[in-house]
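Predicted model, so just to flag it, every value in this text is computed and none were measured. Scope of the values below: all heavy atoms of this structure, side chains included, with no hydrogens, waters or symmetry mates.
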Amino acid sequence: LVIPSTAVGTLFVANADVFWAPDADAQTDVVIPAGNTARAIGLDESGAYYKVLWECQFLWVPAETLAPNPDAVWNGAPLPTDVVQ
């Protein structure tokens with residue numbers, strides 16, 4: 001598992017449905033509760049989904065469920081805006 005150097009800590013500001021791919025048909029039965037943190041990797045081409053690193057897996061979540069992490073490590077660093085696969 002290679003974490004890109006552009007990955008940034010993110011905070012879930014809403015409960016996030018989890019997807020295997022950036023596609024509504026790829027939804028899992030997993031929901032990440034608001035208040036958790038992960039690493040944001042980048043956006044899909046539409047900008048609707050963020051690829052995140054969660055429990056040693058790359059997964060996709062709706063972009064509107066994430067915000068910059070205000071903790072002392074990430075200090076509210078902006079989320080990456082690169083398009084990723």
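Remark: Y49 engages F19 in a ring-ring contact (aromatic ring centres under 6.0 Å, His included) (not counting sequence neighbours).
Nearest heavy-atom pair across P80 and Y50 is O-OH, 2.6 Å. In this structure, G42 and V84 approach most closely via the heavy-atom pair C-CG2, 3.7 Å. When every heavy atom of W54 is checked against every heavy atom of L59, the shortest pair comes out as CD1-CD1, 4.0 Å. Taking every heavy atom of both residues into account, P33 and V31 meet most closely at CD-O, 3.4 Å. When all heavy atoms of G47 and A63 are compared, the closest pair comes out as O-CB, 3.6 Å.
Side-chain contact check for L79 versus W74: every heavy-atom pair is 4.5 Å or farther apart. With contacts defined as side-chain heavy-atom distances shorter than 4.5 Å, the pair V61/F12 qualifies. With contacts defined as side-chain heavy-atom distances shorter than 4.5 Å, the pair P68/V8 does not qualify. For the pair K51/R39, no side-chain contact is recorded, criterion being any heavy-atom separation below 4.5 Å from C-beta on. Looking only at side-chain heavy atoms (C-beta outward), T65 and I32 stay at 4.5 Å or farther from each other.
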Exercise for review: Applying side-chain contact (heavy atoms from CB on, under 4.5 Å), run through D23 and W60 and close with a yes or a no.
Suggested key: CA-CA 9 Å; D23 182 315; W60 296 87; over 6 Å; no
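Between the side chain of T10 and the main chain of A67, a donor-acceptor pair closer than 3.5 Å is present. Put simply, the side chain of N15 gets close to the backbone of A34: a donor and an acceptor are under 3.5 Å apart.
When hydrophobic clusters are built by joining Ile, Leu, Val, Met, Phe, Trp and Tyr residues whose side-chain heavy atoms come closer than 4.5 Å, directly or via intermediates, V83 is not grouped with L53. Linking Ile, Leu, Val, Met, Phe, Trp and Tyr residues whenever their side-chain heavy atoms come within less than 4.5 Å leaves L11 and V18 in two separate clusters. A single hydrophobic cluster is seen to contain both V30 and V52, as judged by linkage of ILVMFWY side chains at heavy-atom distances under 4.5 Å, directly or through other members. Under the 4.5 Å side-chain heavy-atom criterion for Ile, Leu, Val, Met, Phe, Trp and Tyr, V13 and I41 are members of distinct hydrophobic clusters.
Taking CH2 of W20 as the start and CD of Q57 as the end, the distance is 4.5 Å to the nearest 0.5 Å.
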